[in-house]
K.L.:
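Have a look at this one.
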Amino acid sequence: MTYDKLIGAVFAGLSFAIAAAPTMAPAETLQVMRGSPSSALQVPMNRAVVLESDVPFTELSIANPGIADISSLSDRTIYVLGKEPGRTTLTLLGADGRLITNVEVHVTPDIAEFKERLEQILPGENIEVRTANDGIVLSGTVSSIARLDRALELASRYAPDRVSNLMSVGGTQQVMLRVRFAEMQRSVSKSLSSSLALGGTALGGDLGISGGNGGAVTADGVAGALAGTLPAVNENSGAMLFGFNAGGLEVGILLEALESRGVVRTLAEPNLTALSGQEASFLAGGEYPVPVSQEGGAITIEYKPFGIELNFTPRVVDGDIINLELMAAVSSLDPINGFTQNGFTVDAFKRRETSTTVEMRDGESFAIAGLLSDDFIDLNGQVPWLGDIPVLGALFRSAEYARQQTELVIIVTPHLVTPTRGEALALPTDRVRPPSERDLFLFGRVTAGEGPTTGGAGEVARQDFSGSYGYVLD
């Protein structure tokens, strides 16, 4: 009676477990025959398999209860429940204590449910799912890296740290990045200064007073002004000198004025192509030697790169969405801000640099950096007290005005690209051909006439480079 109650409780518990887990598949059955080798028993994790024997058994044991759990439903039927992925051995003994058989139990991740979830989350993707030992193997082709990451993340939920990725990414995975540096620098400066020199027998000697550029007039400068000679140290390109005599008094007045305007335009467009996920670098410029002092007074040379620099890592995220990690810089030598020491002259560098991460679609542009700078300087200097005299005080004052504006923008545009035939590409040298000696010496031609007429090179040759170009500034 106790045995009947035990069997009833087992069947009741099994029915309750199946009712509580609607996703559980029907139990599988494996026949065990005496005298014949038993095949491996495949048990999905958290699912049950029923094992039947052709002869009654009295004892059964499992080598690793942590991998699979067993219970006897009768003297010929065993209930096997998979707990953790792995392999273990189930042993059956008969009434005489002799071995009936050893059954190898393989507990594998439940890939049936994983396949269903994979189809729901990533429909249409060609992903094959297999089990290997106690892990999951994914193979096939996916449309983007983002979908590949999603598949791997979902698989790790069913087999943590036991997922083998054999998938490949289809579609276009090469990215060409076009970067445009555009910088305009405009400067305006004005200065006005004056100097007054007095001399003659009426004063018994020479007298010089200066209100220009903040400097004092020397005896030579006074003599030169009175003699009608412009100062050799004059920094302004516009200077006017006039004077007059009043009896025994000589008066010389020097007016210096300067107005300068300047415009600097910088435009660079580096292009670079890289495979998705791989870093690419670009440098068009050079390396500048910089002396570096070492221990013991030794001097070594280090080379610093300058020019147009571009480093970026593209990632095709999903479809035509591209993630970019990039560093772009434009640098040039700046002798004005350099220094000289111990016989070495080292130039400084002007550098415009940006480093960022952006995400955009194929062909879209993004202004990743911009700078608008407006510097203004206004300086007024005068000789104390004399510069405050109405009208005549202008002869003892100097004024300087300077304004500099800088506008910089960096724009990036990524493109998904595929290789093409070499004949379709045009080089900068395709449009120009070297002249022959006859063309050069007799006709003064620096090129040999028209270039190619077919392919990409012919398209370049047909372009019209005449007419105005550049920026117009009012």
Side-chain angles (χ1 to χ4, degrees), residues 17-18 20-28 40-49 62-70 79-90 104-175 274-279 312-325 357-361 416:
I18 295 176
T23 59
M24 185 177 293
E28 301 178 4
L41 178 63
Q42 302 290 338
V43 183
M45 188 174 62
N46 297 325
R47 295 202 180 189
V49 171
I62 189 77
N64 189 348
I67 295 178
D69 196 7
I70 59 174
Y79 179 79
V80 182
L81 175 65
K83 298 173 65 177
E84 293 291 338
R87 295 187 178 189
T88 187
T89 303
L90 173 64
E104 186 176 1
V105 180
H106 292 181
V107 179
T108 59
D110 187 6
I111 62 174
E113 181 182 359
F114 171 62
K115 289 181 178 180
E116 295 177 2
R117 298 293 180 266
L118 197 62
E119 183 64 28
Q120 294 173 358
I121 297 176
L122 301 174
E125 295 293 340
N126 184 23
I127 301 178
E128 299 180 2
V129 183
R130 299 181 179 87
T131 59
N133 198 2
D134 58 346
I136 295 178
V137 178
L138 301 180
S139 60
T141 304
V142 292
S143 59
S144 66
I145 295 180
R147 292 177 175 262
L148 182 144
D149 294 337
R150 293 173 192 169
L152 294 177
E153 183 178 357
L154 181 61
S156 64
R157 299 283 183 177
Y158 291 86
D161 301 326
R162 296 187 303 275
V163 179
S164 298
N165 177 25
L166 301 181
M167 295 182 292
S168 59
V169 180
T172 303
Q173 298 298 311
Q174 294 182 124
V175 179
L275 189 64
S276 176
Q278 302 296 319
E279 182 180 4
F312 83 107
T313 302
R315 292 182 178 86
V316 182
V317 179
D318 192 2
D320 60 346
I321 299 178
I322 304 171
N323 179 280
L324 292 176
E325 296 181 8
T357 300
V358 294
E359 190 171 280
M360 63 192 76
R361 295 184 179 274
L416 294 175

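These numbers come from the heavy atoms of this one structure, side chains and all, not from hydrogens, waters or symmetry mates. Treat the numbers as computed from the prediction; the structure is a model and nothing was measured.
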K.L.:
Given 3.5 Å as the limit, does a donor-acceptor pair link the side chain of Ser276 with the main chain of Val316, or not?
P.N.:
yes
K.L.:
Over all heavy atoms of both residues, which pair between Gly82 and Val43 is shortest? Give the atoms and the distance, please.
P.N.:
N-CG1, 3.4 Å
K.L.:
So which heavy atom on Gly66 is nearest to which on Lys83, and how close?
P.N.:
O-CB, 3.6 Å
K.L.:
Kindly give the heavy-atom pair with the smallest separation between Ile136 and Ala155, and that separation in Å.
P.N.:
CD1-O, 4.2 Å
K.L.:
Measuring from Phe114:CZ to Leu138:CG, what's the distance to the nearest 0.5 Å?
P.N.:
5.0 Å
K.L.:
To the nearest 0.5 Å, how far apart are CD1 in Ile67 and NE2 in His106?
P.N.:
10.0 Å
K.L.:
May I ask you to say whether Glu119 pairs ionically with Lys115, meaning some side-chain N is under 4.0 Å from a carboxylate O?
P.N.:
no
K.L.:
State the CG-CG distance between Leu148 and Leu122, to the nearest 0.5 angstrom.
P.N.:
9.5 Å
K.L.:
How many angstroms lie between CG in Leu90 and CD in Glu104, if you round to the nearest 0.5 Å?
P.N.:
11.5 Å
K.L.:
Looking at CG of Leu81 and CZ of Arg47, how far apart are the two atoms once the value is rounded to the nearest 0.5 Å?
P.N.:
11.5 Å
K.L.:
With side-chain contact (heavy atoms from CB on, under 4.5 Å) as the test, would you mind laying out the steps for Tyr158 and Glu113 before giving the verdict?
P.N.:
CA-CA 9 Å; Tyr158 291 86; Glu113 181 182 359; 3.6 Å; yes
K.L.:
What closest approach, in Å, do Ala68 and Val107 show between heavy atoms, and which atom pair accounts for it?
P.N.:
CB-CG2, 4.2 Å
K.L.:
On a heavy-atom basis, which atom in Ala63 and which in Pro65 lie closest, and how many Å separate them?
P.N.:
O-CD, 3.7 Å
K.L.:
Could you give me the CA-CA distance, side-chain angles and deciding distance for Asn126 and Val142, then say whether side-chain contact (heavy atoms from CB on, under 4.5 Å) is met?
P.N.:
CA-CA 6 Å; Asn126 184 23; Val142 292; over 6 Å; no
K.L.:
Nearest 0.5 angstrom please: Asp69 CG to Ile62 CD1, how far?
P.N.:
8.5 Å
K.L.:
Can you name the one residue among Glu325, Glu279, Glu359 that meets salt bridge (charged side-chain N to carboxylate O under 4.0 Å, His left out) with Arg315?
P.N.:
Glu325
K.L.:
Considering only heavy atoms from C-beta outward, does the side chain of Met167 approach that of Leu152 to under 4.5 Å?
P.N.:
yes
K.L.:
Looking only at heavy atoms, what is the nearest atom pair of Val129 and Leu118, with distance?
P.N.:
CG2-CD2, 3.9 Å
